[in-house]
Amino acid sequence: MYKWDFFTVSQSLDLFLNGLLNTFLYTAGSIALGVIIGLIACFARLSNFFILRFAARSYQEIFRCTPLLVQIMWAYYALPLILGITIPNYVAGLVTLSLYVGSFYAEIFRGGINAVDRGQSEAAAATGMSQPQIMRYVILPQAVKKMLPAFINQSVIQVKNTSLLYAISVAELTYMTYVVNGETYRPMESYTIAAVMYFAMLFPLTHFADRFERRMQRSD
Amino acid sequence: MSTATDPIVSVRGLEKDYGSLKVLKGIDLDLNKGDALGIIGPSGSGKSTFIRCLNMMEAPTAGAISVLGKQVGTGFKSKGGMIGIGELRRRVGMVFQHFNLYPHRTVLQNITMGPTIVLKEPVNEATEHAMELLSQVGLAEKRDAYPNHLSGGQKQRVAIARALAMRPDVMLFDEVTSALDPELVGEVLQVIERLVDNGMTMALVTHEMAFAADVANRVIFLDGGHIAESGAPSEVLNAPESDRLKTFLSRFHR
C-alpha cells in the first residue's frame with residue numbers, strides 16, 4: 001500500500017502557487033492576444049480581397065494542422081536559427097500559444113457571424129446603414145451570442161495547453177511540478193497536486209459554460 | 001434638377017443577370033407621387049429581383065434608376081450629383097417577406113435603430129416618432145416586447161413601422177404577407193391600405209390579387225423579365241389581354 005506523504009511536497013507549495021499564477025497569466029495573455037489575432041484573421045477571411053483570404057486561411061491551416069508541442073519547440077529551437085537571434089522562452093511560448101488559439105478563435109468568430117441570418121444584414125442595409133454599422137449594431141451582437149459556447153470551450157482547452165510550455169522550461173504549473181518532483185522524488189503527490197489545481201481552475205469554468213449555454217438556448 | 005413633376009422613382013432599361021441567367025430584360029417604369037404600384041407575376045418572373053433593384057439590394061447589370069430626378073450611383077455615399085446607395089435606402093423603405101426584425105432588440109429599439117444610427121436623430125425624438133408609428137400599426141403596448149414573442153402579423157406590422165421611421169419617400173413591399181398564416185394577413189394589409197390612403201408612394205410585389213385590385217392605382221404583370229401588361233387594376237386584373245396573364249389569373253380564386 002502506497003504511503004502518501006504530502007508534507008515533503010507541501011514544503012514547495014510556493015513553487016506550485018507560482019506555477020499556478022504563471023499558468024493563469026499565460027492563459028489570460030494568450031487568450032487576449034488570440035482574440036485580437038482571431039478577429040483579424042476572421043475579418044480577413046470574410047473580406048473581398050483574395051490575398052487577405054488566402055493569407056488568413058494559410059495561417060489558420062498551419063496552426064490547426066500541426067501539434068502545438070511541435071509549434072512551441074519550433075518557435076523556441078528552430079526559428080532562432082533562421083532569424084539569427086535568440087528568442088526568450090516566455091516570448092516563444094506566449095506568441096505560439098496566442099497564434100495557436102487565434103487560429104481556432106478565427107474559425108469560431110467566422111462561424112458565429114455566418115450563422116446570423118442573411119435577412120438581418122439586408123434589413124439593416126435597407127434602413128441605410130453602412131457595412132461597419134451593420135456589423136457593429138446588428139450582426140456582431142447576435143454573432144457573439146452564437147459563438148460564446150464554442151469560445152468558452154476553446155478557452156478551457158487553452159488553460160490545459162499552457163502545460164506544454166514545460167517543454168521549453170517556462171515556469172508554469174506543469175514545469176514547476178516537474179521541478180518539485182525532481183527535488184522531492186514524490187511524483188504521486190506532486191502530480192496529484194498539479195491535477196487538483198488544474199481541476200479546481202477548470203471545473204467552475206466548464207460548469208459556467210454549460211449553464212451559460214442552456215440560458216442562451218432558452219432565450220432563443 | 002428636381003422639379004415637382006419629376007417621378008419619385010424612374011427606371012430605364014433595367015437589366016439584371018445572374019451569370020448566364022437573364023432575370024430582368026429591360027424594364028422602364030415611373031413611380032409618381034402617391035402611386036401604389038402592384039407588381040404581379042408567376043414565380044421566377046423577376047418581380048422580387050425588380051423590387052430589390054429599386055433600393056439596390058441587388059445591383060442592376062444595366063440600366064438606370066433615378067430618385068427625385070437624381071440618378072443612383074454605385075457608391076455608398078452620394079457625390080457629383082449622383083445619389084449614393086446609403087441615401088437611396090434612407091429614402092426608399094423596404095419590408096421583407098420574412099420580417100427580418102432584430103431579435104436582440106425590443107420592438108421599440110427595432111424601430112429607433114435606423115433613425116438614431118443612420119439619421120443621428122436624438123433618442124428621445126426617435127422614440128417619440130416610433131411610438132406614434134407603433135400606435136398607427138396598433139402595437140403601442142408591445143414596445144418593450146422582443147420580436148420572438150410576437151405573432152407573424154405583429155412582426156410584420158413592426159417591420160413596417162421600422163421602415164416608416166426613416167420617413168421614406170417610397171415604400172417597397174416584397175411579398176410581405178406570403179409568410180403569414182391566412183388569418184393574420186388582414187391586419188397587415190389593413191396597415192398598408194391606410195398608408196395608401198395617406199398618400200404614401202409604394203410598390204408592392206403581391207399574390208393577394210383582391211388586395212392589389214383594391215389599393216393599387218396601377219398594376220404591372222411581369223413575365224419572363226419583361227413588363228408584359230400594365231395599367232389600371234380594373235384593366236389588368238379584370239380584362240387581361242395576353243393568354244399568359246389569363247392563365248396566371250385563373251389560378252387565383254377571386
Side-chain angles (χ1 to χ4, degrees), chain A residues 35 39 42-44 46-50 52-53 105 108-152 208-209 211-220, chain B residues 48 51-52 54-58 75-78 83-105 109-121 126 146-149 155 158-159 161-168 170-174 179:
Chain A
V35 165
L39 280 174
C42 163
F43 284 111
L46 293 171
S47 94
N48 292 325
F49 300 102
F50 172 77
L52 287 181
R53 286 204 306 273
Y105 282 161
I108 291 167
F109 296 159
R110 199 172 68 92
I113 288 171
N114 284 340
V116 176
D117 182 46
R118 235 179 83 87
Q120 290 292 308
S121 52
E122 284 197 348
T127 61
M129 281 192 217
S130 63
Q131 274 308 318
Q133 287 172 333
I134 295 170
M135 205 26 111
R136 175 167 163 206
Y137 295 105
V138 177
I139 305 297
L140 282 183
Q142 298 182 58
V144 164
K145 206 172 125 172
K146 290 179 196 287
M147 63 180 71
L148 261 176
F151 177 82
I152 294 174
F208 167 75
R211 282 190 35 180
F212 187 78
E213 197 170 345
R214 271 200 299 275
R215 229 190 70 201
M216 289 282 110
Q217 279 163 355
R218 260 210 305 279
S219 75
D220 273 343
Chain B
S48 261
I51 204 169
R52 287 166 60 83
L54 294 182
N55 67 346
M56 295 291 264
M57 295 308 277
E58 305 285 345
F76 187 80
K77 292 206 166 93
S78 303
I83 192 171
I85 291 173
E87 190 184 342
L88 169 74
R89 290 175 181 162
R90 292 199 287 278
R91 291 172 174 277
V92 181
M94 183 170 235
V95 183
F96 301 85
Q97 181 177 359
H98 295 288
F99 332 122
N100 301 344
L101 293 181
Y102 312 129
H104 62 302
R105 297 286 191 206
Q109 289 166 337
N110 261 273
I111 300 173
T112 56
M113 217 151 125
T116 51
I117 293 169
V118 179
L119 303 176
K120 313 282 182 223
E121 260 181 44
Y146 281 88
N148 289 349
H149 297 141
K155 282 182 195 170
V158 173
R162 176 175 66 178
L164 289 173
M166 299 296 292
R167 305 176 202 270
V170 191
M171 287 281 282
L172 306 175
F173 294 91
D174 188 7

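Note that the coordinates shown come from a computational prediction; the quantities given were computed from them, not determined experimentally.
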Under 3.5 Å donor-acceptor pairs involving side-chain atoms of residues 113-121 of chain B, not counting sequence neighbours:
residue : atom : partner : partner atom : Å
T116(B) : OG1  : T112(B) : O            : 2.8
T116(B) : OG1  : M113(B) : O            : 3.2
K120(B) : NZ   : I117(B) : O            : 3.0

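- Of all non-hydrogen atoms in Y102(B) and Q120(A), the two that sit nearest each other are CD2-OE1, 3.3 Å.
- Among residue pairs with one or both ends in residues 91-105 of chain B, those qualifying as salt bridge (charged side-chain N to carboxylate O under 4.0 Å, His left out) are E87(B)-R91(B), R91(B)-D169(B); sequence neighbours excluded.
- Residues of residues 121-130 of chain A placed with any heavy atom under 4.5 Å of a heavy atom in chain B are listed by number as E122(A), A123(A), A124(A), A125(A), A126(A), T127(A), G128(A), M129(A), S130(A).
- In this structure, R136(A) places its CZ atom where only 12 or fewer heavy-atom neighbours from other residues, nucleotides or ligands lie under 6.0 Å away.
- Contact count versus chain A (heavy atoms, under 4.5 Å) is highest, among R162(B), K77(B), R90(B), M57(B), for M57(B).
- At a heavy-atom separation below 4.5 angstrom, chain A is approached by V92(B), M94(B), F96(B) within residues 92-99 of chain B.
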